Amino acid sequence: LMQVALTLHATRAFFNAYKAESWLTTVAFSFVVALLLSLFCYKLLSKRQSFRRVLLDAIKYSEFEPFYQPIIDSRTQKVLGAEMLIRWRKKNGTIVPPNQFIPFAEDSGLIVDITEQATKKVVQDIVTLGWHKTERFISINIVPVHIQDEQYFQLLTGLMAEHKLKPKHISLEITERLQIDDLHAARHELDKFFDYGIELKLDDAGTGYGGFSYVQELGVKTLKIDKMFIDTINANDVKASVLEAIISFAASS
């Protein structure tokens, strides 16, 4: 292979001029990058604020409603109750998938207002379905912010008293995917529900922050094992051992 060497010769004046121009180019490039980043952040924040306003309008016009997923005893095939799933039905009838608004609602704190709106409809639906005369129940999903104070407790128990529902007709579910920073304080608030007679279920068990500490510290009565582990039943999957461990822990607890 032939090698070629290229040597450039320049005067000091040329070097100084090139150096000054390079500095100006660097400053100009940095300015452009900073400007583009600022515009991106501004548009991102504006979009979040716009979406927040859209959600606030949806709350104002009561566009959030409960859908129900039946809970069935696999041994008898009888419906024991249902889990309430929040759905957003726009004025034009379009249903927005939960993954498109629930994460933002949780981050922004609007999930509290949305859950309260759906809870009012759940209590009314229990009466409409005639379930208040049966042993059936509806589970309502809550997040850590619901048990930071007694606001949700007062709302729920007030609605139940108004519609003459028994504690057995409502249960709460808290997901393990969201972190509870102060388990002791959370248990203090949950004890109000327990004293009233409302039980707590742990959803998505085995997938999140809580681990077994949620069961030990929060007074959980039921574990809902995540689907990723249930799918290992009768399958050659390494997660099957995790399923067995969760069941064993539940039994011993």
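Only this structure's heavy atoms are used, side chains among them; waters, hydrogens and symmetry mates stay out. These numbers were taken from a predicted model, which means no experiment stands behind them.
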Following the transitive rule for hydrophobic clusters with a side-chain heavy-atom cut-off under 4.5 Å over Ile, Leu, Val, Met, Phe, Trp and Tyr, establish whether [X] and [Y] coincide in one cluster.
X    : Y    : result
V127 : Y68  : yes
L85  : L202 : no
Y196 : I174 : yes
M84  : L129 : yes
I233 : I247 : yes

Min side-chain heavy-atom separation [X]-[Y] under 4.5 Å:
X    : Y    : result
I170 : T119 : no
I147 : L172 : no
S62  : Q117 : yes
D107 : F104 : no
D191 : R187 : yes

So which heavy atom on [X] is nearest to which on [Y], and how close?
X    : Y    : result
H169 : T134 : NE2-O, 3.0 Å
P66  : A118 : CG-O, 4.2 Å
A240 : T232 : CA-OG1, 3.5 Å
R87  : P98  : NH1-CG, 3.5 Å
F194 : L200 : CE2-CB, 3.7 Å
S171 : S139 : OG-OG, 2.6 Å

Query - Aromatic plane relationship, Y152 with F193 - under 30° parallel, 30 to 60° tilted, over 60° perpendicular - result: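 The rings of F193 and Y152 sit tilted, inter-plane angle from 30° to 60°.
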
Requested in this report: Fit a plane to each ring of F64 and W88, take the angle between them on a 0 to 90° scale, and name the class: parallel (under 30°), tilted (30 to 60°) or perpendicular (over 60°).
Outcome: tilted

Determine whether a donor-acceptor pair (N or O, by modelled atom type, separation under 3.5 Å) exists between the side chain of [X] and the backbone of [Y].
X    : Y    : result
E199 : K221 : no
S248 : E244 : no
S252 : F249 : yes

Between [atom1] of [X] and [atom2] of [Y], what distance do you get to the nearest 0.5 Å?
X    : Y    : atom1 : atom2 : result
E63  : L55  : CD    : CG    : 9.5 Å
T157 : L165 : OG1   : CG    : 11.5 Å
L110 : L56  : CG    : CG    : 5.0 Å
L155 : T115 : CG    : OG1   : 10.0 Å
R89  : K91  : CZ    : NZ    : 15.0 Å
I198 : L156 : CD1   : CG    : 4.5 Å

Query raised in the report: Quick one: side chain to side chain donor-acceptor pair (under 3.5 Å) pairs with a partner in residues 93-106, sequence neighbours left out?
Result: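 Those involving residues 93-106 are N92-T94.
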
Query raised in the report: Would you call R53-D57 a salt bridge at under 4.0 Å N-O?
Result: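 Salt bridge: no.
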
**Report entry** N234 CG: over 12 foreign heavy atoms closer than 6.0 Å
**Finding:** no

Report task. Go through the structure and list residues passing side-chain hydrogen bond (donor to acceptor under 3.5 Å, both in side chains) with E150, not counting sequence neighbours. Result ->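 Partners of E150 by the side-chain hydrogen bond (donor to acceptor under 3.5 Å, both in side chains) criterion, ordered by chain and then number, come out as Q154, K192.
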
Query raised in the report: Does any pair with a residue in residues 71-83 pass salt bridge (charged side-chain N to carboxylate O under 4.0 Å, His left out), and if so which ones, sequence neighbours excluded?
Result: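 Found D73-R75, E83-K224.
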
Query raised in the report: What pairs meet the salt bridge (charged side-chain N to carboxylate O under 4.0 Å, His left out) rule with one or both residues in residues 116-142, with sequence neighbours excluded?
Result: E135-K168

Report task. Please assess L243 against D237 for the test side chain to side chain contact (heavy atoms under 4.5 Å, CB included), listing each intermediate value before the final yes or no. Result -> CA-CA 10 Å; L243 174 63; D237 193 306; over 6 Å; no

Report task. Output all residues satisfying side chain to side chain contact (heavy atoms under 4.5 Å, CB included) with L183, sequence neighbours left out; order by chain, then residue number. Result -> I180, S213, Y214, E217, L218

**Report entry** Remaining members of hydrophobic cluster (4.5 Å side-chain criterion), F137
**Finding:**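 For the cluster that includes F137, the remaining residues are I71, L80.
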
**Report entry** I126 vs H163, side chain to side chain contact (heavy atoms under 4.5 Å, CB included): CA-CA, chis, key distance, verdict
**Finding:** CA-CA 9 Å; I126 290 176; H163 291 82; over 6 Å; no

**Report entry** Evaluation steps, side chain to side chain contact (heavy atoms under 4.5 Å, CB included), between V123 and I138
**Finding:** CA-CA 9 Å; V123 172; I138 291 182; over 6 Å; no

